[in-house]
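Computed from heavy atoms alone, side chains included, the values below leave out hydrogens, waters and symmetry copies.
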Amino acid sequence: MHCEQIKTLLTDYLDGSIDQAMRQLIDSHLQNCAGCQRELNALRILWSELPQLPPVDPPAFLHERIMSRVEAQQTRQTQTQRAGFWDWIRGYRQAFAGAGVMAVLLLTLFAVNPGNMVGSGLFPGIQKRDEKPTETLGQPVTLVWEGVQVNWEEGFPALVVGTRQGVEAKLEWSQDGKAFQTIWKGTLNPNQQFEMPLGWLRQIPGSKVNANVLRWTQGSQTKVLFVPTGFSASEIADLRLRDTFTNALKVIAAQYQQTIIWETDSLSENPYVVLDARNATCEAAIEKLIQGAFQLTKRDGHWVITKL
Amino acid sequence: MNDSLYTDQILIEKCKKGDQEAFDLLVRRYENKVYQYAYRLTQNQEDAADVASETFIRMYNSLKNFRGESQLSTWLYRVVSNVFYDFRKKERSHDHLPLEIPTDEGESEMERPLEDPNSVDMDEHILKMERNRILMNAIKQLPEYQRVMVVLFHVEDRPYEEIAQIMDMPLGTVKSRLNRARAALREILEPHLELFGLEGSPNEQISR
Ligand SMILES: [Zn+2]
């Protein structure tokens, strides 16, 4: 073996995580090679000195800072969550002030992505439903959906998943519905329960809306969830916004504190939409958004959007 | 309340019932450990204190969901790592710094020439301090994931199994990622390896 190959094995050699035959090969090489011998010495010192880095003294203010931040966050939690959302909506309202034309349009697609996004085919028209949601809003609800649940305890959502078969699974989070980052990835064993508290998602810097986009992948199935993270819900609201489709779903989830599940194939198409839903229930707002291009159903207290 | 009387689990149960003193005790029990780890990752007192604070905020928010399936310390390692990633992401979005390019500060410190490293009377203590400084700087140049790997394994001395839990990865992935991280660290230290070869044979002239 060449020195280059030997050198890549030396860390394992020091760890002892190398088989006997290889060890002997390296031993005999080391006896005749000063260069590799030096490398071995250097690595031995390197890996043995890392754990000996002297401990650093925590600053005197550490405990104080932690406790005051936790406390500040506790009091802020209820107030600013709400305020932040309304500021955001207000921003949209201002942006639209005077644009009288907009009021006429219930939903307009902007040709952001004309190549793969054709408005006419995807959102052919409006189909209004007459039924109103029957459950009391703001009550703890449970989403049961192919083994995935979002449980609410005192306003804190938690994702709970259990399967009957072992399966590779992944939970991802996204700010914009486009770039997803992995929160958890692993193997779900049969009858094992995976639980992820989602309350911390509201701590994410720059998060503007009190709802998060989560993507749960289990085997080859992928579902997208719009999960509100908790403040008092509206039953009837005026929603006017121009944003991407996924962000519009986030706003609706936050406004009505309802989990919305996207069960169609993907969200690769994420067009800009204008939503003008006034005096609307959650259902009416979603209907206005999807314009009859998808099916909206209520399942276990949650809104599910599926293919027609 | 006497700290040592209570296990983590008992304190957590008390916290869930709204016992602020129990939370205070939990923080005191882990703040030093959390800070040490955060400092190794951020290498900056202010950032480490901020990462520690954010970690305990997340702990506070999640305690009621903590079922005790893993050790609190393991769980905290994971939260610190995640907070650290978030901080770095935020930092990057402010600075527009590309992911793996070291800061100017790190660069210039790394490149600072040593006063004749072969000098026989270079005090062993100074040598060790210099190695520490170089090691910390080298760790700082690793991308976040590798930094977390190296610090957990070599500095915090966590076993493979616990790292697998902290990072939510299969054991095999932990080992291969750690190997990559070590190779990267070794690469960064290339210009300084002489310094590491000196120990045990300070009189030997090393020619490279
Ligand atoms: Zn050799």
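- Heavy atoms of Tyr39(B) lying under 4.5 Å from chain A belong exclusively to its side chain.
- One distance of note links CG of Leu53(A) with CZ of Arg131(B); it measures 11.5 Å at 0.5 Å rounding.
- Atom CZ in Arg28(B) sits 10.5 Å away from atom CG in Leu62(A) (nearest 0.5 Å).
- Here the straight-line distance linking atom CG of Asn132(B) with atom CD of Glu49(A) works out to 6.5 Å at 0.5 Å rounding.
- A salt bridge is defined here as a Lys NZ or Arg NE, NH1 or NH2 lying under 4.0 Å from an Asp or Glu carboxylate O, and Glu39(A) with Arg186(B) meets this definition.
- Within 6.0 Å of atom CD in Glu64(A), 12 or fewer heavy atoms from other residues, nucleotides or ligands are found, so the atom counts as exposed in its surroundings.
- Residues of residues 12-23 of chain A placed with any heavy atom under 4.5 Å of a heavy atom in chain B are listed by number as Asp12(A), Asp15(A).
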* Asked: What's the verdict on side-chain contact (heavy atoms from CB on, under 4.5 Å) for Phe56(B) and His63(A), showing C-alpha distance, side-chain angles and the deciding distance?
  -> CA-CA 11 Å; Phe56(B) 285 107; His63(A) 188 74; over 6 Å; no
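- Proximity to chain A (any heavy atom under 4.5 Å) is shown, for Ala49(B), by both the backbone and the side chain.
- Looking at Leu185(B) and Trp47(A), their side chains come closer than 4.5 Å, going by heavy atoms from C-beta outward.
- Every salt bridge (Lys or Arg N to Asp or Glu O under 4.0 Å) that Arg158(B) has, sequence neighbours left out, goes to Glu162(B).
- Put simply, of Asp50(B), Val83(B), Val79(B), Asn32(B), the one with the most heavy-atom pairs under 4.5 Å next to chain A is Asp50(B).
- With chain B as the partner, the residue from Lys185(A), Gln52(A), Met67(A) showing the most heavy-atom pairs under 4.5 Å is Met67(A).
- With a 4.5 angstrom heavy-atom cutoff, Leu43(A) touches chain B only via side-chain atoms.
- A salt bridge links Glu46(B) and Arg65(A); the closest N-O separation between the charged side-chain nitrogens and carboxylate oxygens is under 4.0 Å.
- Here the closest heavy-atom approach between residue Arg40(B) and residue Pro55(A) is recorded as NH2-CA, 3.8 Å.
- The two residues Thr11(A) and Arg182(B) have their closest heavy-atom pair at CG2-NH1, 3.1 Å.
- Met129(B) does not touch chain A: none of its heavy atoms, backbone or side chain, sits under 4.5 Å away.
- Between the CD1 atom in Ile139(B) and the CG atom in Leu50(A) there is a gap of 5.0 Å [rounded to 0.5 Å].
- With rounding to the nearest 0.5 angstrom, the CD1 atom of Ile66(A) is 9.0 Å from the CE atom of Met59(B).
- In this structure, Leu135(B) CG and Leu46(A) CG are separated by 6.0 Å, a value rounded to the nearest 0.5 Å.
- Contacts between Val151(B) and chain A at a heavy-atom distance below 4.5 Å are absent for every atom of the residue.
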